[in-house]
Structure formats: C-alpha cells, structure tokens
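Here is the structure we will look at.
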Amino acid sequence: MKRLQKLGAYLFLLLIGYVFLFPLLFMIMSSFKPEQVIFADLYSIRAILPVGDLTLDNYRQVFEKSDVLLYFRNSILITSATVILGLFVNSLLAFTLSRMRWSGRKYILAAVVALMIIPIEAIVVPLLLLVSKLPTIGWEQGGLVLMGSWLNSLEVQILPFVANSFFIFLFYQFFRDIPKDFDEAAELDGATPFQIYRHIIVPMSGPVFATVAILHFLLMWNQYIWPIMAVQGEDARPVMPGIQIFFGRQTSWGEIMAYASFVTLPVLAVFLAFQKKFVSSLAGAGIKG
Amino acid sequence: MADVKLTKVVKRYGDVETIHGIDLDIKDGEFVVFVGPSGCGKSTLLRMVAGLEEITEGELHIDNECVTSVAASRRGVAMVFQSYALYPHMTVRENMGFGLKMAKTDKVEIKRRVDESAKILQLEPLLDRKPKALSGGQRQRVAIGRTIVRNPKVFLFDEPLSNLDAELRVQMRVEIAKLHSQLKNTMIYVTHDQVEAMTMADKIVVLRGGNIEQVGSPIELYLNPVNEFVAGFIGSPRMNFFDCDVIAQTDDSLTLKLPCGEVCQLAADVSHSPGMTRVKLGIRPEHLKEDQSGEIRIGVDVDVVEHLGGSTYVYARYSGEHELIIQTGGLSPVRRGDHCDFSFNLDQCHLFDCNGLTLRAAKPVPLHTQAPVAQALSG
Ligand SMILES: Nc1ncnc2c1ncn2[C@@H]1O[C@H](COP(=O)(O)OP(=O)(O)O)[C@@H](O)[C@H]1O
Ligand SMILES: [Mg+2]
C-alpha cells in the first residue's frame with residue numbers, strides 16, 4: 001500500500017515535472033535541429049528528445065547575425081550593477097524604515113507599499129520622457145561637459161531599477177522580525193546606526209539577501225520592454241531585446257531557439273547553483289503564494 | 001565606580017505618562033534591585049538609565065556627571081538583556097569583543113580583556129563557539145561576560161534570569177551576587193520576582209504604576225513595609241490580610257473586631273488618623289502557629305496542603321470566605337479537609353488604614369527566634 005502510494009506520488013511529480021520541463025527541453029532540443037526537423041518532430045515525443053541529425057548551424061547563425069556576445073556583456077554589466085546597488089539601497093531603506101525612528105517614516109512606508117502595485121508598464125512612458133531630458137556628464141576636450149540624454153546608455157537601464165519597492169518590502173519584513181535587543185546591545189556597545197546595519201543586521205539576514213538577489217537578477221536579466229524603448233543602437237542593447245533580430249521576413253525558429261537557449265543559460269546556472277538556498281530562503285523570508 | 005542619581009525623572013509616550021517623577025539615589029558599589037509587578041515601569045526606568053529610552057523630564061547623573069542627554073555608549077553603562085541579545089553570527093569571543101572593536105581598541109588589547117573576563121566567568125573553553133552551540137546558562141554567562149569586558153561604571157540587568165529553569169536560576173543568582181562582591185561595581189537589577197530581589201539586593205526599590213512605593217534593604221522592607229502593597233509584595237508566601245471593624249480608638253490603641261467575631265486591642269500610634277471605621281490587619285504566613293500558644297486563635301478549613309520538606313504551606317479558608325496561607329514546620333500533621341485551629345500574636349500583626357498606608361508594623365521577632373525570617377527570604 002505504502003509503495004503504491006509512493007509510486008503514485010512519483011508519477012504525479014513526474015507529470016508536473018514534465019509540464020514544467022517541456023518548454024525548456026523543446027527549446028534546447030530544437031536549437032540543435034534544422035528548421036524542417038523541428039516541424040517534423042513537433043507532434044511526437046521526438047520534439048523533446050535529442051534525435052535526428054543534430055547540428056550547431058543554428059548557433060553559428062546566431063553568432064553571425066547578431067552581436068550576442070556584446071548583448072551578453074551588456075546584460076551582465078546591467079544586471080550585476082543593478083543587483084549590487086539594489087541590495088545596498090533597498091536594504092538600507094528597509095533598515096531605516098524598520099529600525100529607526102524618524103518623522104515621516106510611516107508615510108514613506110505607506111508609499112513603498114503603494115508603489116508595489118504599480119507595474120513597470122504603467123510608468124515607462126513618463127519615465128522615458130524623464131530620462132530623455134536627463135543629461136549625462138562626459139569628458140570632452142579636457143573638460144566636463146553635459147551631453148545629450150540618457151537614452152542609449154547602460155545607466156538608463158540600471159538606475160531606474162535599483163530601488164524597488166517590492167524588494168524594500170521584503171527586506172522590511174525580514175528586518176522587522178529581528179529582535180530590537182540586538183540593535184540596543186550594539187548601541188550600548190557604541191555602534192552607530194550604519195555599523196549596526198553593517199555588523200549586526202546584514203550578517204543576520206543572509207536568506208533575505210539571497211532571495212532578493214535572485215529575484216532582482218531575474219527581473220533585470222529578463223528586461224524587455226524598457227530596453228526596447230530606451231535603447232535604439234546596438235552598443236547598449238541587452239540580451240532579451242536582441243531576439244527581435246530573428247523575427248523578420250523569414251523567421252528561423254531554430255535560430256530563435258538557439259538564441260533563447262544561449263541567453264537562458266545564465267538563469268539556469270544561477271538557479272541550479274542556488275536552488276537549495278533559494279527554496280529555503282523563500283520559506284525563510286516568509287513569502288507566501 | 002559610580003553613584004547614580006535620578007532627579008524627578010518622568011517618562012511620557014505621547015500623552016501617556018508611564019514614569020511619574022522618580023527620585024532615587026544609588027550609591028557607588030550598591031546592588032540595587034528594581035522590583036514590582038509586570039508593567040510597573042521597571043524596564044522603562046532601567047532603559048532610561050541605559051540611554052535606550054529618552055528621559056522626558058528630569059535629570060540623570062552618573063558619577064556626578066549629568067548624562068541626561070548623553071548617548072548610551074558614552075554613559076559608561078553596560079546591560080544584560082533578558083533575551084541576552086548575543087549576536088548569532090559571531091563567536092563568543094567576537095561577541096565579547098564587539099564593544100571594544102567599535103571603540104577601535106587595539107586587537108591585542110581586545111584579546112587580553114576578553115581573555116580576562118572569560119576567566120572570571122569560566123568561559124575560556126567556549127570562546128570559539130557560536131551562541132547557538134551554548135546552553136541557556138552558558139549564554140547567560142556570555143551575556144554577562146560581554147558587559148564585564150567593557151569595564152562599565154554601572155551594570156544593568158533586565159530580568160536576566162527569567163529564561164532559565166529554576167535550578168539554573170538559583171545558581172546564576174549566586175554567581176551574579178559573587179560577581180558583584182568581586183567587581184564591586186554599581187549594579188542595577190530589574191526583576192518581577194521578589195525572591196530574587198530579597199536574596200540579591202543591598203537595596204530594593206519597589207515600584208508600582210510608575211511610582212516608587214518604598215526604598216530600603218530587604219530586611220527593612222520585610223519588617224517595615226510602608227503600605228499594604230509593599231507588605232503583600234515582599235515576603236513569600238504573601239502576607240495575609242483581613243478587614244476588621246474598628247470598635248474603639250484612642251491615641252495609642254485600637255480595639256478591633258476580627259472577622260471571626262473575636263474582639264482584641266492593639267497598641268498603635270493612630271493619633272493622626274482619628275475616626276477610622278475599618279482597618280486591615282496583616283499577618284505573615286510564617287507568623288501563624290499550628291499550636292495554640294498565640295494570643296488569638298482562629299479556626300480554619302484546610303483546602304490544600306503543600307509539603308516542601310523543610311516547611312509546609314497550608315492554604316485555608318477562615319470564617320467562610322477569607323483565604324489564608326499558613327507556613328508551618330516540615331512535618332505538619334495537617335491534612336486537606338481538616339478543620340483546625342491556628343494562633344498568632346498581636347505583636348506580629350501589621351495594621352493598614354483604609355488607604356493601605358501602614359499604621360503599625362509588626363514587632364521584630366527577637367533574634368533567637370528569627371528562623372522564619374531567614375526561611376521566608378530564601379523563598
Ligand atoms: N514604547 C512604548 N509606548 C507606549 N507605552 C509603553 C512603551 N513601552 C512601555 N510602555 C508602557 O510603559 C509601562 C511600563 O512598561 P515596562 O517598563 O516595560 O514595564 P515592566 O518592565 O515593569 O514590566 C507599561 O504600561 C507599558 O505599556
Ligand atoms: Mg520589563
């Protein structure tokens with residue numbers, strides 16, 4: 001009876017796993033197949049199996065047609081800069097919100113919560129107008145000059161996304177549950193608020209930092225709408241908008257799959273590397289649903 | 001080494017006043033215990049001394065220096081928290097050295113001072129462990145060790161033993177007392193447990209509702225409580241109280257009718273409170289005798305008998321509804337459901353007026369029969 005139950009459970013899990021894995025497998029397998037084979041395999045299990053004459057042609061095409069390595073570099077720069085700055089900025093605001101007394105604190109907290117429900121799509125247009133008017137500081141002919149606008153740069157993809165109300169809230173919730181006694185003990189030990197943050201709160205908050213880092217990484221790596229609007233040229237283009245190149249008069253699904261597989265690799269790598277930590281930190285950070 | 005002086009200290013949270021103008025002098029090297037029921041403001045008062053709560057009004061002097069608005073870390077105080085507040089990600093050594101590190105003390109010096117304090121508290125074998133690998137008692141010791149390292153003028157303790165089991169609590173109580181006699185610093189200790197207060201304090205401060213009820217040595221409070229509250233709070237088991245009608249009153253005596261109907265006359269200087277109709281009579285459980293040698297006899301119905309070995313607590317009802325606790329010898333023959341007679345001497349009664357103020361304290365028991373007092377103190 002026990003065994004039968006177990007078997008049933010495994011079958012069920014297998015089914016679920018299949019549902020989730022199917023698109024991923026399909027994408028990866030198709031990236032190694034010529035166009036006709038993809039469509040020929042489409043209605044059989046072969047769609048997700050590495051069968052038939054596999055080829056690297058699609059990948060060759062991807063590297064030829066697009067500057068994918070440049071996009072990759074841009075995405076890595078954008079994502080890592082945003083995540084690192086974000087961990088610092090968001091946790092610091094959450095720290096002051098959860099552990100220090102100052103007037104207006106309640107209103108800022110309310111604003112943070114309220115901002116969580118505003119999707120990026122709702123603010124991209126005003127944001128675009130704003131950044132198009134913001135000058136960058138450049139170096140020309142031996143002096144500092146104000147130049148052009150923020151458009152077509154890396155920073156236009158970084159700075160608007162550093163502060164994030166959802167992440168502030170995650171930090172806030174986590175910090176709020178750390179007993180105040182630690183702060184007070186440290187205060188008596190002569191620590192300044194920043195030292196309390198740095199030496200007491202941050203080291204005790206590993207799980208929430210891990211959670212936010214991963215979520216922020218995903219958010220940034222998968223940026224699509226904003227770079228399409230704010231970046232026209234190739235120089236500052238990240239990976240996701242790069243896929244547009246392959247949708248043209250003759251769309252090659254094999255190449256699209258190859259491109260998609262290639263840019264998904266880092267996400268998979270991060271996920272697999274941190275899988276255990278991520279799951280436990282989701283539980284630890286009290287995220288539900 | 002330092003005196004601590006509070007002058008008209010008031011604490012308000014918004015409009016709510018929780019500490020109502022406290023005046024208190026703590027002498028250098030004294031072990032002072034703040035005691036009182038939960039919510040009476042003990043922690044608030046201690047935290048104001050520590051600098052963790054702002055002092056709304058009034059002044060605080062430590063070592064003859066006004067520190068009312070000086071930052072906590074500059075007051076020369078160190079505090080042991082009820083939760084210990086040991087930093088979980090640091091080893092015991094790092095925990096103990098954190099304050100010195102914040103003060104940018106030289107590494108060698110930090111090590112020397114941590115080792116020195118660890119020795120006092122026998123923490124040496126634990127120095128490289130993290131707090132979660134320590135037992136409750138060990139954590140408690142580390143929390144104390146952390147304060148010693150900083151060599152403060154004043155040690156503050158906020159209910160430090162309440163997370164320990166009974167046995168460890170007694171053990172740590174003794175250790176803290178020893179530590180005090182060794183270091184000779186001023187120490188302020190907060191507890192709601194009157195036994196801790198009685199056993200550890202040089203001076204007890206009894207608080208109620210944000211006011212000081214009485215300040216004095218344990219024996220002073222035991223013998224001469226200023227009011228019904230202190231009388232009931234100090235001493236274990238609790239003092240018994242009976243309402244009595246006043247039948248006659250002269251300047252130096254009262255004639256009372258006890259609940260059982262018996263009439264008796266007590267000497268008391270009541271010249272300042274003429275025309276009383278009711279008073280409260282207080283008698284400590286240890287002053288009720290099982291034999292009939294006392295002047296007043298009362299018959300009681302026994303509800304519960306607790307045999308503690310060395311002594312016996314009898315919980316009984318007296319003339320119907322008055323609850324009563326009696327402490328007798330270890331081998332008392334009294335059983336549940338018994339109806340029996342106890343007696344007491346009028347000398348050993350406290351008298352309180354209708355506002356709870358003491359009219360007369362019990363006469364101290366002569367030295368050779370003071371055993372019950374010592375017993376009461378050891379809880
Ligand atoms: N931050 C606060 N805001 C409002 N009231 C408080 C605050 N902290 C404590 N109090 C009130 O002050 C009183 C004394 O509290 P406390 O000093 O913690 O009592 P104790 O330690 O004696 O149990 C309590 O009635 C409590 O409700
Ligand atoms: Mg308290």
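So you know, we letter chains A, B, ... as the sequences are listed, proteins then strands, and number each from 1.
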Just wondering, do [Y] and [X] contact through their side chains at under 4.5 Å, heavy atoms?
X         : Y         : answer
Arg47(B)  : Glu184(A) : yes
Phe182(A) : Ser83(B)  : no
Glu187(A) : Ser73(B)  : no

(Q) Run the side chain to side chain contact (heavy atoms under 4.5 Å, CB included) test on Phe98(B) and Ile200(A) for me, step by step, so that the C-alpha distance in whole Å, both residues' side-chain angles and the decisive distance to 0.1 Å come before the verdict. (A) CA-CA 10 Å; Phe98(B) 186 72; Ile200(A) 309 295; 3.8 Å; yes
Let me confirm one number: the [atom1]-[atom2] distance from [X] to [Y], rounded to the nearest 0.5 Å.
X         : Y         : atom1 : atom2 : value
His199(A) : Glu94(B)  : NE2   : CD    : 11.5 Å
Gln82(B)  : Asp181(A) : CD    : CG    : 8.0 Å
Tyr87(B)  : Asp189(A) : OH    : CG    : 4.0 Å

Name the region of [X], side chain, backbone, both or neither, that has any atom closer than 4.5 Å to a heavy atom of chain A.
X         : value
Leu100(B) : neither
Val80(B)  : neither
Arg146(B) : side chain
Arg74(B)  : neither

(Q) Is it the case that the side chain of His89(B) and the backbone of Val202(A) share a donor-acceptor pair, with hydrogens and angles ignored and the cut-off at 3.5 Å? (A)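 Such a contact is absent between His89(B) side chain and Val202(A) backbone.
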Q. Near Phe194(A) CZ, under 6.0 Å, is it more than 12 heavy atoms from other residues, nucleotides or ligands?
A.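 It does: Phe194(A) CZ has more than 12 such atoms within range.
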Q | Closest-packed option against chain B by number of heavy-atom pairs under 4.5 Å, given Ala185(A), Pro179(A), Gly190(A) | A |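 Ranked by contacts with chain B, first place is Ala185(A).
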